[in-house]
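Residue numbers count from 1 along this sequence. Computed over heavy atoms, backbone and side chain alike; hydrogens, waters and symmetry mates excluded. Keep in mind that what you see is a predicted model, and the values were worked out from it rather than measured.
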Amino acid sequence: MAPYLALFATFVLAPIGYGLWISLHEWDINFPAKPFVGLGNYRELFDPASVDGPRFWAAMRATGIFTALSLPFLLVVPLLVALLMNGRFRGRDLYRAVYFAPYVLGVAVVGLLWRFLLDGNIGMVNHYLGVLGLPDDTQWTTDTPAAWWALVGVTVWWTLGFNAVIYLAGLQDIPAELYEAARVDGAGAWSRFAHVTLPGLRPVLLFVVNATLLASANMFGQSYLITAGAPADETKTAIFLIAETGLRRFEMGTASAMSFVLALALMAASAVLFRIFRDRQEDR
């Protein structure tokens, strides 16, 4: 394990420690002096009268909105796709590849592609909505709540293939004998799903929920490229603000403090999630 531990310490532990050290300083990369401020950067984030505090919590709110809207779709839609792809039919491998294909695209490709498709004036989305007789003047990138649904829709289209593959692997690990026994006992399709499929997917479901939660809370590229945080920074997520604070305003100390507060919030959310799954497993 020594090679892995060396890489882990070099590229994970050392940057975390260095980032924590930066967060304790007034760290502007343009100036050689970087005075030590202790927990000053953290106190500013929790001070309603400061400049960075309200901006940070507004970005955290935007992150929460996106996570709350996208998480159900990223859990349910890939599961439905996996259930369909788990069947036996002609061209099954082709359909699996089609659903997974968008996931291999980079966020820059996805963001720029959908930025033009969702443009309120020349975008093809509004054009085809008009062809169908639906409202064709929605400003998908500059107005809320349309901007939120645009970001959620793009993210689901882009990433559902990954979760679907994970679900599919879990479905294929469930013994076929359990389904046969359920059919013999007279269980219908819904009963088999509720009492065989879902319990069999419990370990996979924990991984998918946790990974999707963390990925949604770290969303940056879609907001940066499609909406640019509009309107009035309402879709500017926490990662977006952290990058802007550190790389545009050069306030690396404040940006690092924001990063650690976000990390602690995600660790707490993951701990609650693991506790919920553990309690339900114990109840069963």
### Message
Run Ser23 and Asn41 through side chain to side chain donor-acceptor pair (under 3.5 Å) and show every step you take.
### Response
CA-CA 7 Å; Ser23 71; Asn41 290 325; over 6 Å; no
### Query
After noting the C-alpha distance and the side-chain angles of Asp137 and Asn126, does the key distance pass the side chain to side chain contact (heavy atoms under 4.5 Å, CB included) rule?
CA-CA 7 Å; Asp137 58 349; Asn126 274 351; 5.6 Å; no
### Task
For the pair Tyr95 and Phe89, evaluate side chain to side chain contact (heavy atoms under 4.5 Å, CB included) and give the outcome as yes or no after the intermediate values.
CA-CA 10 Å; Tyr95 283 106; Phe89 54 89; 3.6 Å; yes
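The two residues Gly246 and Met252 come nearest to each other via the heavy atoms O-SD, 3.1 Å. Minimum interatomic distance between Ser50 and Glu44 (heavy atoms only, all atoms of both residues): OG-O, 2.5 Å. Across all non-hydrogen atoms, the minimal contact from Ala230 to Thr235 is O-OG1, 2.6 Å. When all heavy atoms of Pro15 and Thr10 are compared, the pair lying nearest together is CD-O, 3.3 Å. Scanning all heavy atoms of the two residues, the minimum distance from Tyr42 to Leu20 falls at OH-CD1, 3.8 Å. Closest of all the heavy-atom pairs between Thr159 and Thr155 is OG1-O, 2.7 Å.
By the 4.0 Å N-to-carboxylate-O rule, Arg249 lies close enough to Asp52 to be salt-bridged with it. Taking 4.0 Å as the cut-off between side-chain N and carboxylate O, Glu244 and Arg55 count as a salt-bridged pair.
Side-chain atoms of Leu266 and Asn218, non-hydrogen and from C-beta on, do get closer than 4.5 Å to each other. Side-chain contact between Thr141 and Asp119 is absent, with no heavy-atom pair separated by less than 4.5 Å. Using a 4.5 Å cut-off on side-chain heavy atoms (C-beta onward), Tyr179 and Ile174 make contact. Side chains of Leu118 and Val154 form a contact here, defined as non-hydrogen atoms less than 4.5 Å apart.
The number of heavy atoms from other shown groups lying within 6.0 Å of CZ (Phe73) does not exceed 12. Within a 6.0 Å radius of CD in Glu26, no more than 12 heavy atoms belonging to other residues, nucleotides or ligands are found. Residue-environment remark: CZ (Phe66) exceeds the threshold of 12 foreign heavy atoms within 6.0 Å. Around CZ of Arg115, the count of heavy atoms belonging to other residues, nucleotides or ligands within 6.0 Å does not exceed 12.
Classification of the Phe162-Tyr103 ring pair by plane angle, with boundaries at 30° and 60°, yields parallel. Using a 30° and 60° split on the angle between ring planes, Tyr18 and Trp27 fall in the perpendicular class, above 60°. Ring pair Trp21/Phe36 is tilted by interplanar angle, where 30° to 60° counts as tilted.
In the hydrophobic clustering of ILVMFWY residues, with side-chain heavy atoms under 4.5 Å counting as a link, Phe193 and Val77 come out apart. Taken together through direct or relayed side-chain contacts under 4.5 Å among Ile, Leu, Val, Met, Phe, Trp and Tyr, Leu273 and Ile166 form part of one hydrophobic cluster. Tracing side-chain contacts under 4.5 Å through hydrophobic residues (I, L, V, M, F, W, Y), one never reaches Val76 starting from Trp148; they form parts of separate clusters. Residues Leu5 and Val12 fall within the same hydrophobic cluster, defined by Ile, Leu, Val, Met, Phe, Trp and Tyr side chains chained together at heavy-atom separations under 4.5 Å. Leu151 and Leu213 fall into different hydrophobic clusters, defined by Ile, Leu, Val, Met, Phe, Trp and Tyr side-chain heavy atoms under 4.5 Å apart, directly or through other members.
For an aromatic pair to be called close, the ring centres must be under 6.0 Å apart, and Trp158 with Trp114 fails this.
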